[in-house]
Amino acid sequence: MQNSGSQTPRVRHRKRSSEGFQEASKANGSHLLVHDQNKYRSMLIRTYSTVWMIGGFALVIYLGHLYIAAMIVVIQIFMAKELFNLLRRSHEDRQLPGFRMLNWHFFFTAMLFVYGRILSQQLVNTVTTDMVLYKLVSKLVKYHMIACYALYIAGFVWFIVTLKKKMYKYQFSQYAWTHMILIVVFTQSAFTVANIFEGIFWFLLPATLIVINDIAAYIFGFFFGRTPLIKLSPKKTWEGFIGASFTTMISAFLLASIMGRFKWLTCPRKDLSTGWLQCDPDPFFRPEYYTLPRWFSQLFPWKEVAIMPVQWHALCLGLFASIIAPFGGFFASGFKRAFKIKDFGDSIPGHGGITDRMDCQMVMAVFAYIYHQSFVVAMNLSVETILGQILMNLTLEEQQSLFMKLGQMINETMTVQS
Amino acid sequence: MAMQNGSSQTPWVRHRRHSNEDVQEASKANETHLLVNDQNKYRSMLVRAYSSVWMIGGFALIIYMGHLYITAMIVVIQIFMARELFNLLRRAHVDRCLPGFRMLNWHFFFTAMLFVYGRILGQRLVNTVTSDKVLYQLVSKLIKYQMIACYSLYTAGFVWFILTLKKGMYKYQFGQYAWTHMILIVVFTQSAFTVANIFEGVFWFLLPATLIVINDIAAYFFGFFFGRTPLIKLSPKKTWEGFIGASFTTMISAFVLANIMGRFQWLTCPRKDLSTSWLQCDPGPLFRPEYYTVPKWFPEWFPWKEMAIMPVQWHALCLGLFASIIAPFGGFFASGFKRAFKIKVCNLKHS
């Protein structure tokens, strides 16, 4: 059964035999989806599960920031479990009792470190009402870094003390592998959660663009696919790639306008509550009116068009999603071939594991966060935002000291100027 | 007969001549390992003492010259470490089929360098160029977009890696990619933190580094004279006597050295820009001595009736405790690593 690329990142589906067999036995033409006999039936099955997953996802978005973060944590745990088990060799493991525990110890440490950093300010803001809890949480946040470091050192010492003769190479490889997995898994989920609390828009838009890119590539490949794109993924075609790029960029532009109208999606969440959000709309989400050129308005009924500044940023996100994000999928394909793995796991029957679905999402999440930090937050510096950051991040004494120093500096500048 | 040399001297000349695991277990009895029974030990100690003196001298010169030169020294050490480590698990015959693959390592190295030092020294670079208007604007813009520039470089390397994947070599290439990441993390984490500490005050770099040197030298000498009970199978030369003796020595010297180093403003003042001029500052409450009267139960012959102790000396005790107890595990890790991958550093005769 030849099934082609993917539909959504969660139903990424590659049934590939190992490298050699594929090259030797199939001619190029029979790969391409456009020649597949069973494709219509498999498309129906996939559409059915896609609809269910999109429905579930929409429900979680409706429930709010905290539930989305919880969903991401659950996905992360499953990904880590799949990846930890991937290069494990059971006969060696039987001689090393407790060695698997080390992986989960480092996982827990990484979780504490990453989420502690990202959500610390939100946590402090949630417990401001209760005095005792506030003091406790503030102390925890202050010594958070050294606590995580102490846990890491404990794991490091434990690793060295349990080194067993003749198993050194296996143990060191597992140690390096654990670090690599944790970095890959936690970087993208940390950035995703950080983006969520800045406003669900900055998580929903990139994720949706990846989904649209996949679906569009599938459909364009289905109908028009002829020229293969890259040897690593023989099902991908240039027609699918280019068609999907255009579709992604156009939908980025439109979706940004649609999503930008909902305060639930655009307001940042400053604490860990789950209530309704109210905030002043960001300058990014205020529509600016452009009058259309005369030749355009003669053909179409609109005289002027309202474009939010965020839509231009969405175009950049769309460009990245269509051009660079597929490389995440190529990386995963190459990795599976290198280590002769068919799928990363078997959590979802018939479709492989969670990692199979999240490979492109990971690359996109990191880019969305970095883009947001460089271009959105930076441009946003105004008196209100800085005031908000001061109120959020500094203690009362620090605020008073800032006020005094700022007063002094302004007085000096005034005397110099006059 | 392999030359039995004891443990290391300074972190920069960590030097363990181990033969292969099995040979060591099979052919030598336990007693001949311990340094205290070695015939050639006096001669090797003289040789080692001579090179230690030269290294300590060179290091002191660089400390005198200042923050920027210390940073430069660390960058140079880093480049050499990275080169050694990159070459370690490389297989030359496989590499010949992959032209330009080595370049990828150095591309990621350069990206990591830009990212790490850009973040740490960014604000200081801006402070250095405040006088010149044009340069100031240029540098501010660079700092603002530093993160996205580094990310673009990393993504370019990532795409380049995928495009150069060659059939039949996938496993080697992925292994090398992961290995590159691990090396860069190990090398850059420690050098980034070191450089960050230097600009907070040379004291916070000099004291920890000196404590490690003292710990090593003290462990060597205690093992030399008193060593009997082996400490851990990974490093058969280490002994419990050396370990405990070195712990006490390290903690006492931490307390004393913190006092000595804390008197120099060159060492305690933070550096806010990238200049190399003399430093003036208010050292802060940590470095102001507080006077304690000696308690009555102290012996009569103790010459001082009251002691001036800087608060930083208590912190130095914690640093000393860590240096003596946890830091040796870094050495055990390296020993285990070398055995795991059968890396022989010895270029002398070995049986």
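Throughout, protein chains are lettered first and strands after them, A, B, ... in sequence-line order, and every chain is numbered starting at 1.
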Grab the two heavy atoms, one from [X] and one from [Y], that are nearest each other, plus how far apart they are.
{"X": "B:Leu234", "Y": "A:Tyr168", "result": "CD2-OH, 3.6 Å"}
{"X": "B:Phe174", "Y": "A:Ala338", "result": "CD1-CB, 3.7 Å"}
{"X": "A:Met180", "Y": "B:Ala178", "result": "SD-O, 3.9 Å"}

Inset, instruction - Please report the C-alpha distance between B:Ile232 and A:Val161 in whole Å, then the side-chain angles of each, then the deciding distance to 0.1 Å, and finally whether the side chain to side chain contact (heavy atoms under 4.5 Å, CB included) criterion is met. - result: CA-CA 9 Å; B:Ile232 190 172; A:Val161 166; 5.5 Å; no
Legend entry - Verdict with reasoning, A:Phe331 to B:Tyr177, per side chain to side chain contact (heavy atoms under 4.5 Å, CB included): CA-CA 11 Å; A:Phe331 186 87; B:Tyr177 188 75; 3.6 Å; yes
When rounded to the nearest 0.5 angstrom, what is the spacing between [atom1] in [X] and [atom2] in [Y]?
{"X": "B:Phe337", "Y": "A:Lys169", "atom1": "CZ", "atom2": "NZ", "value": "10.0 Å"}
{"X": "A:His179", "Y": "B:His181", "atom1": "NE2", "atom2": "NE2", "value": "14.5 Å"}
{"X": "A:Ile160", "Y": "B:Ile326", "atom1": "CD1", "atom2": "CD1", "value": "9.5 Å"}

What part of [X] is in contact with chain A, defined as an atom under 4.5 angstrom from a non-hydrogen atom: side chain, backbone, both or neither?
{"X": "B:Leu165", "answer": "side chain"}
{"X": "B:Phe329", "answer": "both"}
{"X": "B:Phe322", "answer": "side chain"}

Legend entry - Residue pair B:Ile185 / A:Ile183, side-chain heavy-atom distance below 4.5 Å: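 Yes. Closest side-chain heavy atoms under 4.5 Å.
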Inset, instruction - Under 4.5 Å heavy-atom distance to chain B, tell me which part of A:Phe367 shows up: side chain, backbone, both or neither. - result: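 When you check distances to chain B, atoms from both the backbone and side chain of A:Phe367 fall under 4.5 Å.
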Inset, instruction - Answer with side chain, backbone, both or neither: which region of A:Val366 has an atom nearer than 4.5 Å to a non-hydrogen atom of chain B? - result: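 Both parts, backbone and side chain.
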Inset, instruction - May I ask you to check whether B:Tyr145 and A:Phe375 place their ring centers less than 6.0 Å from one another? - result: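 Yes - the distance between ring centres of B:Tyr145 and A:Phe375 falls below the 6.0 Å cut-off.
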